[in-house]
Amino acid sequence: MADLGPVVWPPAPLRTERLVLRESEARDRAAFIDLFASSEVRTYLGGPRPRAELENAVPEVPGRRPGVFVVGQDGAMIGIVTLDRRDAERPGHVRPDAGEAELSYMLLPEAWGRGYASEACAAALAWFADAFPGEPVVLCTQVANDRSVGVAVKLGFIEVERFEEFGAEQWFGVWSSVPRSG
């Protein structure tokens with residue numbers, strides 16, 4: 001993934017009513033491994049990775065790079081939200097030069113169904129809109145992942161196309177902090 005661009009990282013923690021989005025810490029390592037090893041979490045993301053492989057590969061402080069927010073609740077990591085530049089070779093773009101910011105997220109199954117994904121992503125989008133005024137953000141998820149499509153729509157993403165990638169139909173949407181006319 002390409003860097004977000006000129007931005008101070010990490011930002012001060014982002015606080016919502018129930019969550020804190022912050023930089024990764026060493027205490028988050030086990031939860032990172034749980035996320036990537038979970039068959040539930042990774043159902044629409046290429047499947048789980050072997051836990052033994054992750055134990056060897058995940059650094060002491062995982063996800064410490066610009067664009068990765070740990071989603072914390074009551075001091076514990078419950079997931080991650082990321083903002084990265086979408087690879088120009090992948091399908092799905094809204095700018096002629098590609099490289100749009102792409103929002104993604106993963107939450108541990110015990111955090112599902114409580115609105116945390118929408119709450120965390122809304123905070124990350126608000127931060128992004130302040131850091132990169134007027135720049136669009138894209139989101140791509142499998143059409144079959146109806147919960148993720150629902151989160152995207154709730155956040156204000158507008159579907160712009162569908163395409164086949166990774167052997168599945170993808171839902172591709174765009175979000176902008178710039179008010180739409182019409």
Side-chain angles (χ1 to χ4, degrees), residues 1-25 28 31-32 35 41 44-45 62-73 77-88 90-108 111-143 145-162 165 170-182:
M1 294 285 176
D3 283 338
L4 278 178
V7 65
V8 174
W9 195 267
L14 309 177
R15 299 183 188 286
T16 70
E17 184 177 325
R18 304 176 293 169
L19 306 171
V20 176
L21 278 68
R22 58 173 172 76
E23 183 178 35
S24 178
E25 299 171 357
D28 302 320
F32 265 87
L35 273 175
V41 172
Y44 301 103
L45 299 170
R64 184 165 272 185
R65 64 176 175 78
V68 177
F69 291 100
V70 164
V71 180
Q73 187 206 27
M77 178 180 153
I78 63 168
I80 60 173
V81 173
T82 62
L83 285 156
D84 288 301
R85 295 290 170 189
R86 187 164 176 84
D87 189 351
R90 292 186 64 200
H93 293 283
V94 294
R95 296 187 340 187
D97 59 345
E100 301 89 343
E102 181 173 21
L103 176 74
S104 61
Y105 64 92
M106 293 189 293
L107 295 179
L108 292 167
W112 293 1
R114 298 183 181 140
Y116 295 147
S118 298
E119 188 173 330
C121 288
L125 287 168
W127 170 84
F128 186 86
D130 284 343
F132 300 92
E135 189 174 325
V137 178
V138 298
L139 184 147
C140 187
T141 189
Q142 285 187 23
V143 171
N145 189 350
D146 57 341
R147 293 175 78 161
S148 188
V149 171
V151 168
V153 170
K154 182 177 181 179
L155 290 167
F157 281 84
I158 305 296
E159 182 178 354
V160 291
E161 69 177 305
R162 291 185 182 199
E165 186 181 32
Q170 304 293 320
W171 185 98
F172 182 78
V174 65
W175 176 91
S176 175
S177 61
V178 176
R180 293 175 183 87
S181 59

Please report the shortest heavy-atom distance between [X] and [Y], naming the atom on each side.
{"X": "Gln73", "Y": "Arg18", "value": "CG-O, 3.6 Å"}
{"X": "Cys140", "Y": "Phe172", "value": "CB-CD1, 4.0 Å"}
{"X": "Leu35", "Y": "Gly79", "value": "CD1-CA, 4.1 Å"}
{"X": "Arg85", "Y": "Ala101", "value": "NH1-N, 3.5 Å"}
{"X": "Val143", "Y": "Arg162", "value": "CG1-NH1, 3.6 Å"}
{"X": "Arg95", "Y": "Pro136", "value": "CD-CG, 4.0 Å"}

Would the distance check show the side chain of [X] and the main-chain N or O of [Y] forming a donor-acceptor pair, the cut-off being under 3.5 Å?
{"X": "Arg22", "Y": "Gly72", "result": "no"}
{"X": "Arg64", "Y": "Ser24", "result": "yes"}
{"X": "Trp112", "Y": "Leu107", "result": "yes"}
{"X": "Arg86", "Y": "Leu103", "result": "no"}

Return a table of donor-acceptor pairs under 3.5 angstrom between the side chains of residues 121-130 and protein atoms on other chains or two or more places apart.
none

Kindly write out the residues that satisfy side-chain contact (heavy atoms from CB on, under 4.5 Å) with Thr82, not counting sequence neighbours, or none if the list is empty.
->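 Thr82: side-chain contact (heavy atoms from CB on, under 4.5 Å) contacts with Val68, Ile80, Asp84, Ser104.
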Note: Glu17-Arg114 ion pair, threshold 4.0 Å (strictly below) |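 Result for this pair is no, no salt bridge flagged.
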Could you check whether any side-chain heavy atom of [X] comes within less than 4.5 Å of a side-chain heavy atom of [Y], counting everything from C-beta outward?
{"X": "Ile78", "Y": "Leu19", "result": "yes"}
{"X": "Val151", "Y": "Phe157", "result": "no"}
{"X": "Glu102", "Y": "Arg90", "result": "yes"}
{"X": "Ser118", "Y": "Tyr116", "result": "no"}
{"X": "Val7", "Y": "Phe132", "result": "yes"}

Checking side chain to side chain contact (heavy atoms under 4.5 Å, CB included) against Met77, which of Val71, Val70, Leu108 comes through?
->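 Considering Val71, Val70, Leu108, a side chain to side chain contact (heavy atoms under 4.5 Å, CB included) with Met77 is found only for Val70.
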Say you draw a straight line from CD of Gln170 to CG of Leu139; how long is it, rounded to the nearest 0.5 Å?
->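 The CD atom of Gln170 sits 10.5 Å away from the CG atom of Leu139.
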Can you measure from CZ (Phe69) to CH2 (Trp9) and round to the nearest 0.5 angstrom?
->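 Rounded to the nearest 0.5 Å, the CZ-CH2 separation comes out at 3.5 Å.
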